[in-house]
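A, B, ... follow the sequence lines: proteins, then strands. Residue 1 opens every chain.
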Amino acid sequence: MPVVSKGVTKQSEDFSKWYTDVVRQAKLADYGPVKGTMVIRPYGYAIWENFQGILNQMFKDTGHVNAYFPMFIPEHFLQKEAEHVEGFAPEVAVVTHAGGKKLDEALVVRPTSETIIWNMYKKWISSYRDLPLLINQWANVVRWEMRTRLFLRTTEFLWQEGHTAHATAEEAQDETLKMLNVYKSFAEDYMAMPVITGQKSEAEKFAGAVSTYSIEAMMRDTKALQAGTSHNLGQNFAKAFEVTFQNKDNREELVYATSWGVSTRLVGGLIMSHGDDKGLILPPKVAPYQVVIIPIFRKDTRDLVMDKVDDLVVNLKQAEIRVHVDDDEKSSPGFKFNEWEMCGVPMRVEIGPKDIEKGHAVVVIRHSGAKHFIQLNELVQFLADQQDIVQDELFQRALDFRESNTHTVDNWDDFKETLETKGGFIKAYWNGSSEVEEKIKNETKATIRCIPFDQPEASGKCIYTGEPSSQQVIFAKAY
RNA sequence: CGGGGUGUAGCGCAGCCCGGUAGCGCGCUUCGUUCGGGACGAAGAGGUCGGAGGUUCAAAUCCUCUCACCCCGACCA
């Protein structure tokens with residue numbers, strides 16, 4: 001029997017399918033004509049714009065300025081840093097022809113901008129007085145990935161990349177961790193997405209970095225998502241691009257560097273942190289619309305209802321609440337309820353003749369389904385109060401979910417058993433060997449997401465070799 | 001790159017085995033009735049059947065080649 005699908009695939013049935021269904025049905029994004037490319041549609045882009053607005057302010061508050069560097073990079077730039085070229089070579093797109101002829105030197109389309117930026121920094125930095133240099137750019141980058149998924153991994157994606165230059169190693173390390181914490185605040189306070197901060201293992205770190213730190217979040221299928229990274233690049237790029245400065249003692253020194261970024265992948269993280277079988281659930285602080293009003297009327301009651309709605313809109317806007325009125329007369333209220341639930345608007349207001357008669361409106365909270373009857377004169381205040389309440393509940397719910405899907409194990413059999421039957425994050429000790437990490441990955445598909453800053457007092461023994469170990473790490477299957 | 005799948009109306013699909021003037025659902029347009037959890041009726045618009053060759057009186061259907069996309073694995077934010 002042909003089933004006309006209303007709604008989306010259930011999460012419990014097929015999480016991947018659910019994700020794709022939601023992205024498309026909520027009109028966040030669509031596939032582009034070239035394999036792996038994505039069109040970010042207005043509703044999805046509105047979320048990204050909200051991310052940008054908040055992050056941009058956070059960057060400025062921490063002393064950074066924005067700039068823009070070119071997308072085309074001379075091919076030999078990429079080859080200057082050994083690890084860097086090795087890490088990115090397989091996934092760069094290269095332009096060999098332009099202007100109707102073959103180019104003398106091929107141009108790579110930036111997969112990240114360290115090389116072109118450090119090429120420029122060489123020109124700009126000569127004295128300790130030029131430091132620190134704290135620049136961010138909002139840009140697109142291209143990485144030719146084998147397997148792509150909307151928002152999570154696409155051939156071209158949007159991101160921000162901060163690139164800083166410092167006079168000392170300590171300063172660079174401070175900057176690296178400072179920005180990691182900016183990301184943590186953003187994820188938790190705005191996206192309501194709890195994250196674990198920690199250091200990446202040698203195998204997982206950025207190609208060209210001395211050390212990489214990340215924020216790791218758990219999605220609703222209990223898989224891990226690396227949601228942001230911050231790198232201490234040491235003097236690697238300064239060496240490669242010969243960027244030196246004269247210190248106070250008039251001695252020449254190599255500059256210390258950091259870079260840090262988050263991408264449109266965060267939109268995917270947002271979707272998979274909160275969504276349910278009805279569709280998206282957006283935290284108020286990043287939702288394009290925080291309130292949707294659905295007026296309920298017939299021809300003869302239209303003006304009565306719309307008068308109230310118009311008043312309400314004015315007052316909500318005054319209270320700086322992002323509000324949308326769906327007064328489309330072609331679709332029924334029931335249709336709109338489902339539609340806006342799919343789109344994840346945190347709260348919905350229904351106003352019809354019956355409500356007006358009683359002097360109230362109906363408010364339905366998206367994530368809980370809770371229904372409230374609120375007097376019209378208290379409505380704006382109620383909705384304003386709910387913003388924070390909903391925001392907090394979503395964070396708490398996500399945190400509870402992560403905690404209840406995080407398991408600590410201390411022997412290899414339990415490790416495999418837990419991973420297979422329960423999934424989620426697994427805390428276990430590890431001896432620090434890349435070889436062991438590789439073996440575990442091959443045997444279980446689980447990778448070390450990070451070595452959390454938050455470590456237990458006691459030490460333990462390596463989950464794989466049984467050797468004594470002082471570092472507990474988080475294993476998980478990851479996106 | 002390995003494995004699997006799909007290309008027919010905007011979307012989802014049937015038709016292909018067994019060749020004979022292209023169909024269904026949703027969506028879209030117009031009009032009317034509806035409107036408090038995915039409304040209904042009537043009338044319409046819309047397709048070089050992914051592309052190129054071939055077989056045939058005749059190809060969406062058979063044959064050959066090709067292209068594209070999706071899903072699952074190895075690499076990655």
Side-chain angles (χ1 to χ4, degrees), chain A residues 1-8 14 16-17 19-21 24-25 30-37 86-92 111-112 140-161 183 200 203-207 212 214-217 224-231 259-269 278-279 294-302 305 326-342 348-358 361-362 364 369 371 373 438 441-442 445 447 449 478-479:
Chain A
M1 184 171 140
V3 181
V4 178
S5 160
K6 289 175 177 170
V8 294
D14 185 342
S16 285
K17 187 99 192 322
Y19 175 80
T20 309
D21 285 354
R24 304 197 68 187
Q25 291 201 38
D30 207 343
Y31 295 104
V34 175
K35 182 188 169 91
T37 61
E86 198 184 321
F88 282 103
E91 48 184 311
V92 292
T112 179
N140 60 338
V141 285
V142 169
R143 297 180 188 177
W144 220 261
E145 301 288 355
M146 295 297 155
R147 250 170 72 49
T148 59
R149 300 194 58 195
L150 293 170
F151 289 113
L152 299 174
R153 181 172 301 110
T154 48
T155 297
E156 178 189 3
F157 58 94
L158 304 182
W159 76 347
Q160 104 352 261
E161 47 182 323
Y183 290 154
K200 284 289 187 182
E204 297 277 337
K205 81 170 170 54
F206 176 74
T212 289
S214 73
I215 54 172
E216 299 284 332
L225 183 78
Q226 177 174 305
T229 49
S230 186
H231 316 290
S259 71
W260 27 273
V262 293
S263 71
T264 36
R265 168 180 259 200
L266 284 178
V267 177
K278 287 179 167 179
I294 313 235
I296 294 155
F297 54 71
R298 290 178 313 208
K299 277 202 177 69
D300 55 330
T301 51
R302 187 178 198 284
V305 171
D326 187 352
D327 59 355
D328 177 9
E329 296 186 29
K330 295 295 178 210
S331 46
S332 67
F335 181 86
K336 292 174 185 174
F337 296 164
N338 288 289
E339 189 86 336
W340 289 107
E341 280 168 359
M342 176 67 66
R348 167 176 90 232
V349 177
E350 305 166 19
I351 303 182
K354 288 186 220 162
D355 301 307
I356 291 172
E357 208 172 290
K358 292 176 192 152
V362 181
V364 180
K371 204 172 223 180
F373 296 86
E438 176 79 13
K441 183 178 173 182
N442 290 338
K445 303 244 191 299
T447 52
R449 300 322 305 153
Y479 277 96

How far, in whole Å, is B:rG2 from B:rC40 if one measures between their P atoms? 49 Å
Nearest to the side chain of A:E145, heavy atoms from C-beta on, is which of B:rG36, B:rC71, B:rA77? B:rA77
If you measure from the C1' atom in B:rG7 to the same atom in B:rG50, how many Å do you get, rounded? 6 Å
P atoms of B:rG20 and B:rG38, separation to the nearest Å: 43 Å
Counting just side-chain N and O atoms, does A:K441 come under 4.0 Å of either OP1 or OP2 of B:rC75? yes
Please encode protein proximity along nucleotides 3-10 of chain B as a string of B, S and -, counting only heavy-atom distances under 4.0 Å. --------
Measuring from the side chain of A:K445 (C-beta onward, heavy atoms only), which nucleotide among B:rC71, B:rG36, B:rG73 has the closest atom? B:rG73
5'-most by nearest nucleotide on RNA chain B - A:R265 or A:K336: A:K336
pair A:R348-A:F337: side-chain heavy atoms closer than 4.5 Å: yes
What residues, two or more places apart in sequence or in another chain, satisfy salt bridge (Lys or Arg N to Asp or Glu O under 4.0 Å) together with A:D30? A:R24
If pairing means Watson-Crick or G-U wobble with both distances under 3.5 Å, then the partner of B:rC57 is B:rG20
Between A:T155 and A:I356, which has a closest nucleotide on RNA chain B that is more 5'? A:I356
Backbone N or O of A:V142 within a donor-acceptor pair of the A:E156 side chain at under 3.5 Å? no
Would you kindly give the CG-to-P distance between A:L150 and B:rC69, to the nearest whole Å? 14 Å
Where the side chain of A:R302 meets the backbone of A:F297, is there a donor-acceptor pair that is under 3.5 Å apart? no
Tell me which nucleotide among B:rG37, B:rC35, B:rG36 gets nearest to the side chain of A:R298. B:rC35
In terms of side-chain heavy atoms of A:Q226, which of B:rA77, B:rG37, B:rG36 is nearest? B:rA77
Return the nearest nucleotide to the side chain of A:K299; candidates are B:rA77, B:rU33, B:rC71. B:rU33
Separation of B:rA77 atom P from A:Y183 atom OH, nearest Å, is 13 Å
What nucleic acid atoms does A:I294 come within less than 4.0 Å of, heavy atoms only: base, sugar-phosphate, or nothing? nothing
Is a donor on one side and an acceptor on the other found under 3.5 Å between the side chain of A:T212 and the backbone of A:F206? yes
If you define the side chain from C-beta out and look only at heavy atoms, does anything of A:L152 sit under 4.5 Å from A:Y19? yes
Using the P atom as the point on both nucleotides, what is the distance between B:rG15 and B:rU8, in whole Å? 14 Å
Rounded distance (Å) that lies between atom C1' of B:rG32 and atom NZ of A:K330: 10 Å
For a quick test of reading the model: is some side-chain N or O of A:R147 closer than 4.0 Å to OP1 or OP2 of B:rC72? yes
Reckon A:F157 touches a base, only the sugar-phosphate, or nothing at all at heavy-atom distances under 4.0 Å? base
Under 3.5 Å for both donor-acceptor distances, Watson-Crick or wobble: does B:rU33 have a partner, and if so which one? B:rA39
The Watson-Crick or G-U wobble partner of B:rG44, with both key distances under 3.5 Å, is B:rC28
Between P of B:rG38 and CD of A:E350, the distance in whole Å: 12 Å
A:R143 has an atom CZ; how far is it from atom C1' of B:rC75, in whole Å? 12 Å
Side chain of A:T154 (C-beta onward), nearest among B:rA77, B:rG36, B:rG38: B:rA77
Contacts of type side chain to side chain contact (heavy atoms under 4.5 Å, CB included), residue A:S332, not counting sequence neighbours: A:F335
Expressed as a whole number of angstroms, how long is the span from A:Q25:CD to B:rC26:P? 16 Å
May I ask you to check whether over 12 heavy atoms, not counting those of A:R298, lie within 6.0 Å of atom CZ? no
Kindly point out which of B:rA77, B:rC35, B:rA39 is positioned nearest to the side chain of A:F335? B:rA39
Measuring only the P atom in each nucleotide, how far is B:rC24 from B:rG19? A whole number of Å is fine. 24 Å
In terms of heavy-atom contacts, A:T229 and A:S214 come closest through CG2-CB, 4.0 Å
Tell me if the side-chain of A:E341 makes a donor-acceptor pair with the base of B:rG37, cut-off 3.5 Å, by modelled atom types. yes
Protein-nucleotide distance (A:E339, atom CD; B:rG38, atom C1'), rounded to Å: 9 Å
Quick one: do A:E329 and A:K299 make a salt bridge, cutoff under 4.0 Å? no
Rounded P spacing from B:rU55 to B:rU48 in Å: 25 Å
Distance between the C1' atoms of B:rU61 and B:rU21, in whole angstroms? 15 Å
Sugar-phosphate, base or nothing in reach of A:V262, heavy atoms under 4.0 Å: nothing
Any donor-acceptor pair under 3.5 Å from A:K336 side chain to A:D328 backbone: yes
Scanning all shown strands, the Watson-Crick or wobble mate of B:rG73 with both distances under 3.5 Å is B:rC1
If you look at every strand shown and take non-hydrogen atoms under 4.0 Å, does A:R149 touch a base, only sugar-phosphate, or nothing? nothing
Within less than 4.0 Å of OP1 or OP2 of B:rA39, is there a side-chain N or O belonging to A:S332? yes
Please pick, from B:rG36, B:rG73, B:rC72, the nucleotide with the shortest atom-to-atom distance to any side-chain atom of A:S16. B:rC72
Interatomic distance, A:E329 CD vs B:rG36 P [rounded to whole Å]: 14 Å
Counting side-chain heavy atoms from CB outward, which of B:rG37, B:rC71, B:rG36 is closest to A:V364? B:rG37
Selection from B:rG38, B:rC70, B:rG37 that lies nearest to any side-chain heavy atom of A:F337: B:rG37
Pairwise P distance, B:rA77 and B:rG5 [rounded to whole Å]: 32 Å
Paired to B:rU64 by Watson-Crick or G-U wobble criteria (both distances under 3.5 Å) is B:rA52
